[in-house]
Colleague: 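Got a structure for you, written out below as structure tokens; questions coming shortly.
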Amino acid sequence: MARPYSPGPKQFVFAVGDGSDQQVSVGDPQEAYVAFSAFFRGRESDTYTIKDESARQSLVLMPRRGVISRIEDADQPRSEHLKVDRANRYLPSAMLFFENGYAGLDYFGQWFSELSDLDASPETRGAARAATITTEAAAIEEVGRIWADSGSVDPSDQYYVFFDSHDVGDDRAERAELLQLIEFLGLERVDAPAEAAGGEVWVRTDPRLDVECARWS
């Protein structure tokens with residue numbers, strides 16, 4: 001059961017840009033998610049916006065562009081943008097926003113401060129994201145995030161498998177980022193078994209990864 005908002009209820013505004021905004025008053029994040037899911041699935045639009053006016057934060061979903069943006073209009077305004085490769089990412093992002101606002105999406109993917117950065121190739125975006133990570137702690141945390149999204153541990157418990165069962169054309173930006181972080185951390189990448197999917201990345205277990213991946217499990 002979702003933890004109730006305190007203080008509650010909490011108000012959100014859902015908008016699609018045609019003036020038919022919907023204001024909801026909800027007691028917890030799950031109630032907000034159910035209301036927005038119905039709003040999202042009941043319309044065809046280029047842009048869907050969730051506004052938390054009391055927190056001065058917004059989440060903007062742009063399915064036709066394959067983009068999610070998060071915006072904070074506080075004392076120091078900021079916005080970040082995420083390229084979305086899979087259609088099933090939009091509603092989970094909304095749930096994270098309902099749970100913890102702007103910060104709830106910190107680990108949802110590769111955020112960039114400029115929309116134009118998303119026009120680069122996936123490999124360029126992945127490399128650019130990896131270049132912003134300059135400490136071992138941050139790199140381990142990011143590797144853990146990538147693994148948690150689509151990873152597994154092989155049956156022998158000797159290897160972490162990233163992009164489990166994914167083809168090489170999937171997750172190109174995150175794969176490019178991961179490969180640079182593997183090198184940065186000095187992790188040991190091994191050849192995937194012949195029967196593995198073409199996009200899988202296999203890495204030998206490491207105590208640093210064990211701790212981080214256990215946190216994400």
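Keep in mind that what you see is a predicted model, and the values were worked out from it rather than measured.
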Colleague: Distance check, rounded to the nearest 0.5 Å: Tyr102 atom OH versus Asp52 atom CG?
Modeller: 14.0 Å
Colleague: If you draw a 6.0 Å radius around CD in Glu183, do more than 12 non-hydrogen atoms from other residues or ligands fall strictly inside?
Modeller: no
Colleague: Are Arg208 and Glu136 ion-paired here, with the side-chain N under 4.0 Å from a carboxylate O?
Modeller: yes
Colleague: Do the side chain of Arg70 and the main chain of Glu80 share a donor and acceptor less than 3.5 angstrom apart?
Modeller: no
Colleague: Do other residues, nucleotides or ligands put more than 12 heavy atoms under 6.0 Å from the NZ atom of Lys51?
Modeller: no
Colleague: Check whether any side-chain N or O of Gln158 sits under 3.5 Å from a backbone N or O of Thr205 as a donor-acceptor pair, and report yes or no.
Modeller: no
Colleague: Within a strict 4.5 Å, meaning less than it, do heavy atoms of the Val67 and Ser69 side chains meet?
Modeller: yes
Colleague: Would a single hydrophobic cluster contain both Phe14 and Tyr33, if residues Ile, Leu, Val, Met, Phe, Trp and Tyr are joined by side-chain heavy-atom contacts under 4.5 Å?
Modeller: yes
Colleague: Test your reading of the model: is there a side-chain donor-acceptor pair from Gln57 to the backbone of Gly101, 3.5 Å cut-off?
Modeller: no
Colleague: Is the closest basic N to carboxylate O distance between Asp117 and Arg129 below 4.0 Å?
Modeller: no
Colleague: Inspect the contact between Arg145 and Glu174 and indicate whether a charged nitrogen and a carboxylate oxygen are less than 4.0 angstrom apart.
Modeller: yes
Colleague: Any side-chain heavy atom of Ser37 within less than 4.5 Å of one from Arg41?
Modeller: yes
Colleague: Look up atom CG in Leu178 and atom CG in Asp171, then write down how far apart they are to the nearest 0.5 Å.
Modeller: 10.5 Å
Colleague: Is Val84 close to Tyr90 at the side-chain level, that is, under 4.5 Å between some pair of heavy atoms?
Modeller: yes
Colleague: Do Phe108 and Leu61 sit in the same hydrophobic cluster, where Ile, Leu, Val, Met, Phe, Trp and Tyr count as joined when their side-chain heavy atoms come under 4.5 Å apart?
Modeller: yes
Colleague: Between Phe98 and Phe12, is the ring centroid distance below 6.0 Å?
Modeller: yes
Colleague: Would you say the side chains of Asp210 and Tyr160 form a donor-acceptor pair under 3.5 Å?
Modeller: yes
Colleague: Are Phe162 and Trp202 an aromatic pair, judged by ring center distance below 6.0 Å?
Modeller: no
Colleague: Side chains of Glu142 and Tyr107: any donor to acceptor distance under 3.5 Å?
Modeller: no
Colleague: About how many Å separate CD of Glu200 and NE2 of His166, when rounded to the nearest 0.5 Å?
Modeller: 8.5 Å
Colleague: So, Asp154 and Ser152: side-chain donor and acceptor under 3.5 Å apart, yes or no?
Modeller: no
Colleague: Starting at CD1 of Ile133, measure out to CG of Leu185 and round the result to the nearest 0.5 Å.
Modeller: 9.0 Å
Colleague: Within a reach of under 6.0 Å around CG of Asn88, are more than 12 heavy atoms found that belong to other residues, nucleotides or ligands?
Modeller: yes
Colleague: What about Met62 and Leu96, same hydrophobic cluster or not, with Ile/Leu/Val/Met/Phe/Trp/Tyr joined at side-chain heavy-atom distances under 4.5 Å?
Modeller: no
Colleague: According to a 4.5 Å side-chain heavy-atom criterion applied to Ile, Leu, Val, Met, Phe, Trp and Tyr, with indirect links allowed, do Met95 and Leu105 form part of one hydrophobic cluster?
Modeller: yes
Colleague: Does this structure show an ion pair linking Arg56 with Glu72, if we count only N-O contacts that are shorter than 4.0 Å?
Modeller: no
Colleague: Can Asp170 and Arg86 be counted as an ion pair, charged N to O under 4.0 angstrom?
Modeller: no
Colleague: Do Phe97 and Ile50 have side chains that approach each other closer than 4.5 Å (heavy atoms only, starting at C-beta)?
Modeller: yes
Colleague: I'd like to know if the side chain of Ser45 reaches the main chain of Val16, judged simply by a donor and an acceptor atom lying under 3.5 Å from each other, with no hydrogens or angles considered.
Modeller: yes
Colleague: Check whether any side-chain heavy atom of Leu179 lies under 4.5 Å from a side-chain heavy atom of Val201, and answer yes or no.
Modeller: yes
Colleague: Within a strict 4.5 Å, meaning less than it, do heavy atoms of the Glu177 and Ile146 side chains meet?
Modeller: yes
Colleague: Quick check with a 6.0 Å cut-off and a 45 degree axis cone: is Arg204 positioned over the face of Tyr159's six-membered ring?
Modeller: no
Colleague: Output yes when a side-chain donor or acceptor of Asp18 lies under 3.5 Å from a complementary backbone atom of Ser20, and no otherwise.
Modeller: yes
Colleague: For the residue pair Arg3 and Asp28, establish whether any side-chain heavy-atom pair is separated by less than 4.5 Å.
Modeller: no
Colleague: Salt-bridge test for Glu141 and Arg215: reply yes if a basic N is under 4.0 Å from a carboxylate O, no otherwise.
Modeller: yes
Colleague: Do Phe36 and Leu91 have side-chain heavy atoms sitting under 4.5 Å apart?
Modeller: yes
Colleague: Output yes when a side-chain donor or acceptor of Thr124 lies under 3.5 Å from a complementary backbone atom of Ala120, and no otherwise.
Modeller: no
Colleague: Would you confirm whether Arg175, through its side chain, and Gly199, through its main-chain N or O, come within 3.5 Å as a donor-acceptor pair?
Modeller: yes
Colleague: Can you confirm whether or not the ring centre of Phe40 sits under 6.0 Å from the ring centre of Tyr48?
Modeller: yes
Colleague: According to a hydrophobic-cluster definition based on side-chain heavy atoms being under 4.5 Å apart (Ile, Leu, Val, Met, Phe, Trp, Tyr only), do Phe112 and Leu82 belong together?
Modeller: no
